[in-house]
**Q** 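Handing you a structure now.
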Amino acid sequence: MQHVLSEQELLRRQKLEEIRNSGIDPYPAEEFLINASTVDIKQNYNRDKLNYKDISIAGRIMSVRDMGKAAFAELQDSSGRIQIYIKRDEICPGEDKSLFDLLWKKWVDIGDIVGLTGYVFTTKVGEISLHVQSLKLLCKSLKPLPIVKTDASGEAYDEVTDPEFRYRQRYVDLVINPRVKKTFELRTQMMNSIRSFLNEHGALEVDTPVLQSIPGGASARPFMTHHNALNIPLYLRIANELYLKRLIVGGFDWVYEFSRNFRNEGMDRTHNPEFTILEFYVAYRDYFWMMNTTEKMLEAVAIDLHGTPEVNVDGKIISFAAPYKRISIYDAIKEHTGVDVSSMQEEELRLVCNKLNVQADKTMGKGKLIDQLFGNKCEMHYTQPTFIIDYPVEMSPLTKKHRSVSGLVERFELIVNGKEIANAYSELNDPLDQRSRFEDQVKLMERGDDEAMFIDHDFLRALEYGMPPTAGIGIGIDRLCMLMTGEVSIQDVLFFPQMRPEHRTENETKE
RNA sequence: GAUUCCGUAGCUCAGCCGGUAGAGCAUUACACUUUUAAUGUAAGGGUCCCGGGUUCGAGCCCCGGCGGGAUCACCA
């Protein structure tokens, strides 16, 4: 894919040939046995010196300080880095000094992967280091690694900050920016923590279809594809809600799934075309129970990750300690616009939107208009976790009607740092009501709302067999991860965020 | 999709009023057997994102495109 090789790349290819010609395999097949990690050595050496002979470690050479007949270098393995000390007469005890003079001094570059054996010692200046007794090349690297140097005070020089470079070549980003690796390790810890919480409470993790013939469970534009053998259109899922509810019909009491969803919409620092939502559904519960459970779970996760419910996001301290504030969407709108919209109909709402400079076109029904008002005027004000509750029925086609207030549904969204991270409700289980809500969606679609829901007849059939009263929730895992790791862009919590393809000329693609 | 900023060596970045392309690190050579942003001396390295235009002359000005960031719109 590279048309013109740089000076440094040509040189590394030459070295590769010289290595081969000398009889050394630059890409050996046999395993290299490791018996320690750099972090293990650094943490335990001082306490337990006797056990740090005959050490075998492997990793990437990250810097070299040659000193003539000896050299210091830094080796990075999956756990961290350690300084290594290589003395010529130590690794080449006989007459033949080529292992040091050629392999080490001429051929090994920064970025190469090597296996080392030796013993641990502390240098004059007090740095725990590996005194190398044998050196084996495990992989010759052909591209120069952009090296980030850090001085004694921890300040980084030549740090690769170009987001395009970092996202397109995440493998390099991970090698050279240790913080990035930490973010992704934290993401996995977060998922594990959520799993533990749910499993300990008796939930069952399940898998449901990604390819769906009717994309349901959310209002969004789907990606379309085609199945050749069946000769039918299929959609990549926008949500797994309707499938999890079918499982509740089938007799499971608590199911959950980390669902990779796909939505064919705009991208920005909080939206990627594919993203992950945790959904779970619990029989015989309602949305109050779900609020209690959600705040308990998020508090537990934050403590698991940080030892405290407080996290620092963009200079703001956000506390996940339960309980969270609860406020109805009408009260929220009243609080931030001064307008009581609770009894308004569509036309009046549109006037309010126009007056407040909130976009309100003709395809928008009452529910969407209220959603617009909240999204544009209120949402950003909720920094600390806040449950917004009791939404109008028009914007919630899968939600059970409110037990005491007509026109509302039993739904909440959780807002943190001005962004929605969860959406939940007492699930609608009245099959006839569900059918008429779907039919309302069809009317919206006919008005031009390209995000209105399709009718899912099989789902209606399932509900007709009977679904127990159920509470359900969807939690945006990427956004939660942003909060838990302090990242402000979704691209920094996804290994490979969606990017435009890199431009390639005819020649470049051949290589 | 709209607005706006950006694209120069492997990396981070300078580049004046339009006048033959610069630094640090990295690389190469030599020296150096406990250094740590190692050091000293020397050297090499460029499709200035791409394509047009203006000009005697363009990294710089103008037009178009590609890619990225930010803001907005849509959305979670």
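Just so we're on the same page: letters track the sequence lines, and every chain starts at 1.
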**Q** Looking at A:E446 and A:K443, is there a salt bridge between them, counting it only when a charged N and a carboxylate O are closer than 4.0 Å?
**A** no
**Q** How is A:E420 classified with respect to the nucleic acid when contacts are heavy atoms under 4.0 Å: base, sugar-phosphate, or nothing?
**A** sugar-phosphate
**Q** Need one value for A:E90: base, sugar-phosphate or nothing, where a base atom within 4.0 Å counts as base even if backbone is also close, heavy atoms only.
**A** nothing
**Q** Could you check whether A:G266 gets within reach of a base, just the sugar-phosphate, or nothing at all, counting any heavy atom under 4.0 Å?
**A** base
**Q** How is A:V148 classified with respect to the nucleic acid when contacts are heavy atoms under 4.0 Å: base, sugar-phosphate, or nothing?
**A** nothing
**Q** Base, sugar-phosphate alone, or nothing: which one does A:S63 contact when heavy atoms must sit under 4.0 Å apart?
**A** nothing
**Q** Going 5' to 3' through nucleotides 9-15 of chain B, assign each nucleotide B (protein heavy atom under 4.0 Å from a base atom), S (under 4.0 Å only from sugar-phosphate atoms) or - (no protein heavy atom that close).
**A** -BBS---
**Q** Mind checking if A:Q14 touches a base, just sugar-phosphate, or nothing, with heavy atoms under 4.0 Å?
**A** nothing
**Q** Is a salt bridge present between A:D173 and A:K181, judged by a nitrogen-to-oxygen distance below 4.0 Å?
**A** no
**Q** Using a heavy-atom cut-off of 4.0 Å across all strands, would you classify A:N264 as base, sugar-phosphate, or nothing?
**A** nothing
**Q** Identify whether any heavy atom of A:R500 sits under 4.0 Å from a base atom; if not, whether one sits that close to sugar-phosphate; answer base, sugar-phosphate or nothing.
**A** sugar-phosphate
**Q** Would you mind pulling out the nucleotide paired to B:A9, Watson-Crick or G-U wobble, both distances under 3.5 Å?
**A** none
**Q** For the pair A:D371 (side chain) and A:G367 (backbone), establish whether a donor and an acceptor sit closer than 3.5 Å, ignoring hydrogens and angles.
**A** no
**Q** Using a cut-off of 6.0 Å, state whether more than 12 heavy atoms not belonging to A:D54 lie near its atom CG.
**A** no
**Q** Any salt bridge (Lys or Arg N to Asp or Glu O under 4.0 Å) involving residues 474-487 of chain A? Give me the pairs, sequence neighbours left out, ordered by first then second residue.
**A** A:R179-A:E487, A:R187-A:D478
**Q** Identify each donor-acceptor pair in which a side-chain atom of residues 57-67 of chain A lies under 3.5 Å from a protein atom, sequence neighbours left out, and give them as a table.
**A**
{"unit_1": "A:R60", "atom_1": "NH1", "unit_2": "A:G111", "atom_2": "O", "d": "2.9"}
{"unit_1": "A:S63", "atom_1": "OG", "unit_2": "A:E74", "atom_2": "OE1", "d": "3.1"}
{"unit_1": "A:R65", "atom_1": "NH2", "unit_2": "A:Q83", "atom_2": "OE1", "d": "2.6"}

**Q** Using a heavy-atom cut-off of 4.0 Å across all strands, would you classify A:N423 as base, sugar-phosphate, or nothing?
**A** nothing
**Q** Looking for any heavy atom pair under 4.0 Å, which part of the strands does A:R269 touch: base, sugar-phosphate only, or nothing?
**A** sugar-phosphate
